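Reckoned from all heavy atoms, side chains included, excluding hydrogens, waters and symmetry mates. Everything numeric in this text was worked out from a predicted model, so none of it was measured.
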Amino acid sequence: MLPISLKKDEALALVSGVRLIPEFIPPLKAASNKLWLRLKNQMSDEILDECEYLTSAIVSAIPMASEVDYDIFMKMLEAVHEKQYIKINKYVKTWSDDLESCEFAPYVIYMRHHAWYVLGEVDGEQKILRVDRIKSADLIYKYQEAPLSMEELKELERDIQLDYNPYEQTPSDGWKIKLRITGSFVQPCMETQWFPGEKKTFDSKSKSLIYEVRLKGLEAITLWIMRALDCMEILEPAELRERVDRRVEEYIQRRNKSQK
């Protein structure tokens, strides 16, 4: 790379990104540390001190699965980029319908629920694999028969943001979510965008918030609701209300059984 001149804020942005990589992409930890050592040699003492302070002050509190194999992660990235197949030789099953091995056409890699996942296709059906559960894989240098176009990939990426899950049955127009949020969670909800296309309507009289969004799945919103269950009322859909009720009831039954 040719030498480049960076402003202070640009250097801080570059270094903070490099230093945070190990927190979110564990397979690239060693590469990130090597890159940081090289960058340090190119910085003035003043900028270096600020970068050291910044990176030590920023702490990630998001747990991440750390057992992602570097070689497998890089092979998956290459398969996605080159639109090729990858042979999954050994996959750790957690569900009865998981495949222990398959020829996989990966489309996109994304982070969710504290781990990296890859969504792709096996024998014409969309599948999701958790990357750290792939224990052996090889590139087979065979191009995918029906790779997604850029427009299709963009649509898929947005669907993933809306909690798309090929294993769940979803209405053709998605799930219409409507919640009433009260108490201490109103302000945090107002301050954060949780899903694309969401709508928030604040009622100053009742000091409550009506939250609306249309999603492709129910798991992410279920987990979000349960983190602030004392402030949530599910107005729509009934399926979401039943899912949350069922989990609460199962927890109470398990707790009561263990205390007998």
Side-chain angles (χ1 to χ4, degrees), residues 1-2 4 10 13-14 16-18 20-21 23-28 31-32 35 62 64-65 68-88 91 98-99 102-134 137-177 192-199 212-221 224:
M1 294 177 64
L2 295 174
I4 57 174
E10 294 172 335
L14 174 63
S16 61
V18 170
L20 284 172
I21 282 176
E23 298 285 342
F24 297 101
I25 314 178
L28 298 182
S32 172
L35 181 56
I62 302 175
M64 283 294 300
V68 177
D69 182 271
Y70 171 82
D71 290 333
I72 290 174
F73 189 80
M74 297 307 291
K75 288 175 183 176
M76 192 64 71
L77 283 178
E78 183 175 349
V80 169
H81 179 258
E82 298 295 335
K83 300 184 185 300
Q84 294 176 337
Y85 286 93
I86 186 167
K87 180 69 169 67
I88 307 299
Y91 185 79
D98 282 345
L99 300 173
C102 63
E103 193 173 283
F104 188 66
Y107 293 150
V108 61
I109 299 175
Y110 59 98
M111 186 180 72
R112 174 172 292 167
H113 307 319
H114 316 293
W116 285 96
Y117 291 83
V118 56
L119 190 152
E121 192 172 292
V122 178
D123 295 330
E125 293 186 15
Q126 287 191 347
K127 298 284 186 182
I128 297 175
L129 302 180
R130 181 164 153 161
V131 179
D132 60 323
R133 292 179 184 151
I134 303 173
D138 292 300
L139 282 169
I140 54 179
Y141 301 104
K142 184 173 78 173
Y143 288 99
Q144 297 174 15
E145 296 174 4
L148 299 184
S149 65
M150 286 301 297
E151 292 77 13
E152 289 172 324
L153 278 173
K154 289 294 183 183
E155 184 177 352
L156 181 59
E157 289 168 5
R158 181 174 174 82
D159 285 348
I160 289 172
Q161 293 177 322
L162 296 173
D163 201 26
Y164 169 68
N165 185 340
Y167 307 131
E168 282 191 2
Q169 289 188 340
T170 304
S172 58
D173 58 346
W175 294 105
K176 181 184 177 183
I177 309 297
T192 304
Q193 182 187 49
W194 304 94
F195 299 97
E198 62 189 17
K199 178 183 176 183
E212 298 174 272
V213 69
R214 195 171 289 274
L215 299 179
K216 298 289 185 175
L218 293 179
E219 181 61 17
I221 193 73
W224 185 58

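In the displayed structure, Asp173 atom CG is contacted under 6.0 Å by more than 12 heavy atoms of other residues, nucleotides or ligands. Within a 6.0 Å sphere centred on CD of Glu219, heavy atoms belonging to other residues, nucleotides or ligands number more than 12. More than 12 heavy atoms of other residues, nucleotides or ligands lie within 6.0 Å of CD in Gln193, so this atom counts as buried by the packing criterion.
Here the options are Lys216, Arg158, Arg112, the test is salt bridge (charged side-chain N to carboxylate O under 4.0 Å, His left out), and the partner is Asp163; only Arg112 passes.
Distance alone, capped at 3.5 Å, is enough to place a donor-acceptor pair between the Tyr91 side chain and the Arg130 backbone. Using modelled atom types, no side-chain atom of Glu23 and backbone atom of Leu20 make a donor-acceptor pair closer than 3.5 Å. Listed for the Trp175 side chain is no donor-acceptor partner under 3.5 Å among the backbone atoms of Val213. Of the possible donor and acceptor atoms, one in the side chain of Gln144 sits under 3.5 Å from a partner among the backbone N and O of Gln84. With hydrogens and angles ignored, the 3.5 Å screen pairs no side-chain donor or acceptor of Asp69 with any backbone N or O of Ile134. Lys75 contributes a side-chain N or O that, together with a main-chain N or O of Ala137, makes up a donor-acceptor pair within less than 3.5 Å.
Here the CH2 atom belonging to Trp116 is positioned 16.0 Å from the CD1 atom belonging to Ile72, to the nearest 0.5 angstrom. Expressed to the nearest 0.5 Å, how far CG of Asn165 lies from CD of Gln126 amounts to 10.0 Å. Distance check: Leu119 CG to Tyr164 OH gives 6.5 Å after rounding to the nearest 0.5 Å. Note that CZ of Phe73 and CD1 of Ile109 are 5.5 Å apart. Values are rounded to the nearest 0.5 Å. From Leu99, atom CG reaches atom NZ of Lys127 across 5.0 Å, with rounding to the nearest 0.5 Å. Atoms OG1 and CG, from Thr170 and Leu215 in turn, are 9.5 Å apart once rounded to the nearest 0.5 Å.
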* Going through the checks in order, is the side-chain contact (heavy atoms from CB on, under 4.5 Å) test met by Glu82 and Tyr141? -> CA-CA 9 Å; Glu82 298 295 335; Tyr141 301 104; over 6 Å; no
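Using a 4.5 Å heavy-atom threshold, the side chains of Ile177 and Phe195 count as separate. Using a 4.5 Å heavy-atom threshold, the side chains of Tyr110 and Leu156 count as separate. In this structure, Leu148 and Lys154 have side chains that are not in contact, with every pair of non-hydrogen atoms separated by 4.5 Å or more.
Across every non-hydrogen atom of Pro196 and Leu162, the tightest pair is O-CD2, 3.5 Å. When all heavy atoms of Tyr70 and Pro27 are compared, the closest pair comes out as CD1-O, 3.1 Å. Annotation for Val80 and Pro106: closest pair CG2-CB, 3.7 Å, computed over non-hydrogen atoms.
Using cut-offs of 30° and 60° on the angle between ring planes, the pair Trp194 and Trp224 is tilted.
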